[in-house]
Every structure is written in structure tokens, then in C-alpha cells.
Amino acid sequence: MKALVLSGGSGTRLRPFSYSMPKQLIPIANKPVLEHVLTAIRDIGVTDIGIVVGNQLRAISAALGDGSALGVRITYIQQTEPLGLAHCVAIARDFLGDDDFVMYLGDNMLPEGVAAVAAEFRAKRPAAQVVVHKVPDPQAFGVAEVAADGSVLRLVEKPARPRTDLALIGVYFFTPAIHEAVSAIEPSARGELEITDAIQWLVARGETVRASEYSGYWKDTGRVEDVLDCNREVLRTLTRSVAADVDEVSEITGPVVVEPGARVVRSRIEGPAIIGAGTLVEDSHVGPHTSVGSHCVLRDTRLDDSIVLDGASLSRVRGLYGSVIGRSAAIATVPPPEAAPEAAPEAAPGAATGVTTGPRMASSRHRLVVGDHTRIEVAA
């Protein structure tokens, strides 16, 4: 069996981050979403993986390389235009050959994995097997009508009046029968080759198509709120590991990972939380459900329920929650003009800058969503 991972989306709902990085590389517990996806695929015994990419080939290949670090073998397949999920299958035809394969959307997180579904597919080997999940808003998804024995009766893409609440959640298992279906369908009204149309073609031909209901945690990491929620979920599974320099007056409680090369000075860290390699946490309080990337600097800062990406710096920033701070961003509270100024963290060349006035951050709670290489000064 092979795998086809789709990572060509532009990620408009994740701006400003998706301006400077593919949405599939947003970190969850300090690992890119794509790394979580590849690990889930490897865990079902599949190591030959094709990744369909759009215009972010360079960034994705730089992050994942040939896959050997994760125990897989990656082939990159470029899609010049976003023409639909079934189009991805068509352009990957040479890579897939006549093998069965699992198709996995590269921005989907299923931390509990799909081992049970993979085992069912291998045992029964229907022409296609879809994974469905009950959702409150099925109009936004492909929707399946499923018989009592698990066979699929009908699939509809984003129906105006859904007949069920069983949404397709972005993991599909196929035999080579799907290739004939993909070649037989026409583009939909939105100009895309829909995978739901291809699977429905199999149903209409009398091929066996089955559905497996997934009841575990699932999230499409397409919005900042979803990324934060998924970060909380994955952090809950942490096992405490402190492999860094923590001074004797600092306090670390609960499941906390402090990676090698990090330093914790006169600070408190409450788990679940992770502090990346080479990061300095000084005179600060890092609360639960927070992941801080590598080579960051936190000084006199308090935050919780947040994600700080690699290379960011926060100085005298207190009361942050539910925030996402981009790579190499610099945020500092600065004294009023009449006071003696201290040097603010330096931002990358060409970074955006801004000054925010208002109530002192130390006295209230604030949310920030800050893109890469941004500099923000908060007036005290």
C-alpha cells in the first residue's frame, strides 16, 4: 500500500501565517501538521508516500526532506493549479501505479490514528473506504448516506440540505478501481474534479464502497482557533521530560517537556507545555497548553494556552492567552517616552512594525495573532 498526502491548499483562513509558510507546516506541539500526518501514515505500515504540493514545494521539501528522518520515503508531486482532490489522484497516477493507497489531507489531525480503519480496509478490500465523522454543520463537507451494514449508498459534496450528519473528514482508502472513476467524471460547477463524484461513480457502478465512522478527536487545522484547540489536545499526551538547564529557583509542574539546550531561569512552567531547544525562559510564567518553539526568548513574560513559533521573542509581555506568535516575531512592552528607554527586541529586516497604546498588558489578558518577522511595541 502507498499513501497520497494532499498539501497544495493556500490556507487563506490561516493568514497572516500562510502568507509566509504553508499551512501544513504550522506547528502543533512543536511539530508541523504534516509531520503528524506522516507519522500517522507510517504507523499503519505505509512508508512509500507521495505528497502533492502547489507553489510551496521548496518550503515543504526543506522541512521534510526525503522523509528518511521519519522512517518514510517521500516523492513530491507538483499540482500547478488547485483543480480538486480527484485531480490530485490523476496527476499521481504514475506514482500510485496499481497499488492500493490511502489518501490523507495534509491539514487534518487525527491524533488517535486510523489503524483500525486501515485494518478493516485490508481485511475486506472494498473498492473504496471513506472515513466519516458526525458534525454539526454537514453543509460544509462531503456528506455520506450509509446503510446499516456500513456500505455507502450516496455521497454528496456540500449539500444544501444534508440527509445525514456524517461528513467525510479527509482520509480515504482506495484500490486501483478509483483511477477509472477519476477518468470518467467531469469537473463540478466550481471547476474541480471532486473525489466525492469519483466515489459516487463507483457506487453507481455497483462497486463496494464502505464507510468507517471515526469517533475520536479530529480537526481540520484551517483556522487559528482550530490550531490552538489541536495544540491543547496533543499537549495532553505529553510525558514529562526535562533535558535542559533549569535553575534551582525555577518551578516546573505537571507534564512539561524542556528540550536540550533550553534554559529556564527564575521562572515557572505549568504543564502540559513544551519549551523548544535553545529557548531562554527568564523571569517568566508559562501556563498550561502552551508550546514555545526553538531558539525563542521569553523575558518577564506571562502567557498560557498559546503557540510561539521558532525564533520569536517576548519581553515584559504579560497576560497573553489564546495567542499565536509567528516565527522571529518580536513583541515588547516599552516604557513611556519620559522614562529611560530600554532596547526592544530586534526584528528581522523588512519586518512590519507597530506601536499599540492602551491599558498596561500586565493588568489584563490579551490575545495576539502575529505573523512571521513582525515587530510590535506595546506602550506601558
What I'd like to find out is whether the side chain of [X] reaches to under 4.5 Å of the side chain of [Y], using heavy atoms alone.
| X | Y | value |
| --- | --- | --- |
| Ile199 | Tyr172 | yes |
| His36 | Val234 | yes |
| Pro138 | Val135 | yes |
| Ile49 | Ile41 | yes |
| Pro162 | Gln139 | yes |
| Ser313 | Cys296 | no |
| Asp305 | Arg232 | yes |
| Leu303 | Ser323 | no |

Under a 3.5 Å distance rule, please check whether [X] uses its side chain to pair with a backbone N or O of [Y] as donor and acceptor.
| X | Y | answer |
| --- | --- | --- |
| Ser267 | Val265 | yes |
| Thr39 | Val37 | no |
| Asn108 | Asp220 | no |
| Ser7 | Val53 | no |
| Tyr217 | Cys230 | yes |
| Gln200 | Leu155 | yes |
| Arg210 | Pro126 | no |
| Thr333 | Arg316 | yes |
| Ser61 | Leu57 | yes |
| Thr301 | Leu314 | yes |

message = Can you pull out every side chain to side chain donor-acceptor pair (under 3.5 Å) where at least one residue sits in residues 236-245? Sequence neighbours excluded, please.
response = Glu233-Arg236
query = Could you give all pairs that pass the side chain to side chain donor-acceptor pair (under 3.5 Å) test and reach residues 279-288, with sequence neighbours left out?
reply =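 Found Arg266-Asp283, Glu270-His285, Glu282-Arg299, His285-Arg302.
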Spatial distance of atom [atom1] ([X]) from atom [atom2] ([Y]) [nearest 0.5 Å]:
| X | Y | atom1 | atom2 | value |
| --- | --- | --- | --- | --- |
| Leu309 | Asn30 | CG | CG | 8.5 Å |
| Thr196 | Leu193 | OG1 | CG | 10.5 Å |
| Leu228 | Tyr321 | CG | OH | 11.0 Å |
| Asn231 | Lys31 | CG | NZ | 12.5 Å |
| Ile28 | Lys219 | CD1 | NZ | 10.5 Å |
| Gln24 | Ile60 | CD | CD1 | 5.0 Å |

task = Sequence neighbours left out, what pairs pass ring pair (Phe, Tyr, Trp, His ring centres under 6.0 Å) with at least one residue falling in residues 242-263?
result = none
Please find the pair of heavy atoms, one from [X] and one from [Y], that lie closest to each other, and give the distance.
| X | Y | value |
| --- | --- | --- |
| Ala262 | Gly276 | CB-O, 3.5 Å |
| Phe101 | Ala3 | CB-N, 4.4 Å |
| Ile74 | Leu38 | CD1-CD1, 3.8 Å |
| Lys2 | Phe95 | NZ-O, 2.6 Å |
| Leu96 | Val89 | CD1-O, 4.2 Å |
| Cys88 | Leu4 | O-CD2, 4.0 Å |

request  = Could you please spell out the steps behind the side chain to side chain contact (heavy atoms under 4.5 Å, CB included) verdict for Arg190 and Glu157?
outcome  = CA-CA 11 Å; Arg190 59 178 183 169; Glu157 183 66 27; 3.9 Å; yes
With salt bridge (Lys or Arg N to Asp or Glu O under 4.0 Å) as the rule and sequence neighbours excluded, what pairs involving [range] come up?
| range | value |
| --- | --- |
| residues 168-185 | Glu180-Arg205 |
| residues 161-173 | Glu145-Arg163 |
| residues 51-73 | Asp48-Arg73 |

ask   = Under 3.5 Å, is there a donor-acceptor pair between the Asp310 and Ser294 side chains?
value =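 Judged by distance alone, the side chains do pair up.
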task = Say whether Ser188 and Glu194, considering side chains only, have a donor N or O and an acceptor N or O under 3.5 Å apart.
result = yes
Determine, using the 4.5 Å side-chain heavy-atom cutoff (strictly less than), whether [X] and [Y] are members of one ILVMFWY cluster.
| X | Y | value |
| --- | --- | --- |
| Leu110 | Ile51 | yes |
| Val224 | Met109 | yes |
| Leu320 | Val297 | no |
| Ile274 | Val258 | no |
| Leu202 | Val132 | yes |

Residues that Arg93 engages under salt bridge (Lys or Arg N to Asp or Glu O under 4.0 Å), provided they are two or more places apart =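 Testing Arg93 for salt bridge (Lys or Arg N to Asp or Glu O under 4.0 Å), a comparison that skips the adjacent residues, returns Asp98.
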Glu35: partners by salt bridge (Lys or Arg N to Asp or Glu O under 4.0 Å), with sequence neighbours left out = none
key: Residues which pass ring pair (Phe, Tyr, Trp, His ring centres under 6.0 Å) with Trp218, listed by chain and number, not counting sequence neighbours   = His133, Phe141
key: Listed partners of Phe121 passing ring pair (Phe, Tyr, Trp, His ring centres under 6.0 Å), at least two apart   =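 Phe121 satisfies ring pair (Phe, Tyr, Trp, His ring centres under 6.0 Å) with Phe173 once adjacent residues are dropped.
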inquiry  = Does Arg263 have more than 12 heavy atoms from other residues, nucleotides or ligands lying within 6.0 Å of its CZ?
reply    =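 12 or below, so no.
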request  = Answer yes or no: are there more than 12 heavy-atom neighbours, outside Asp94 itself, under 6.0 Å from its atom CG?
outcome  = no
For a quick test of your reading: what N or O donor-acceptor pairs under 3.5 Å do the side chains of residues 77-85 make, sequence neighbours left out?
unit_1: Gln78; atom_1: NE2; unit_2: Gly54; atom_2: O; d: 2.7
unit_1: Gln79; atom_1: NE2; unit_2: Glu81; atom_2: O; d: 3.4
unit_1: Gln79; atom_1: NE2; unit_2: His87; atom_2: ND1; d: 2.9

ask   = Going through the checks in order, is the salt bridge (Lys or Arg N to Asp or Glu O under 4.0 Å) test met by Asp300 and Arg318?
value = CA-CA 8 Å; Asp300 193 13; Arg318 302 164 193 158; 2.2 Å; yes
query = Partners of Glu259 by side chain to side chain donor-acceptor pair (under 3.5 Å), sequence neighbours excluded?
reply =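 Partners of Glu259 by the side chain to side chain donor-acceptor pair (under 3.5 Å) criterion come out as none, since no residue qualifies.
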task = Report the C-alpha distance between Leu34 and Leu64 in whole Å, list the side-chain angles of each, state the deciding distance to 0.1 Å, and finish with yes or no for side chain to side chain contact (heavy atoms under 4.5 Å, CB included).
result = CA-CA 9 Å; Leu34 262 180; Leu64 300 176; 3.8 Å; yes
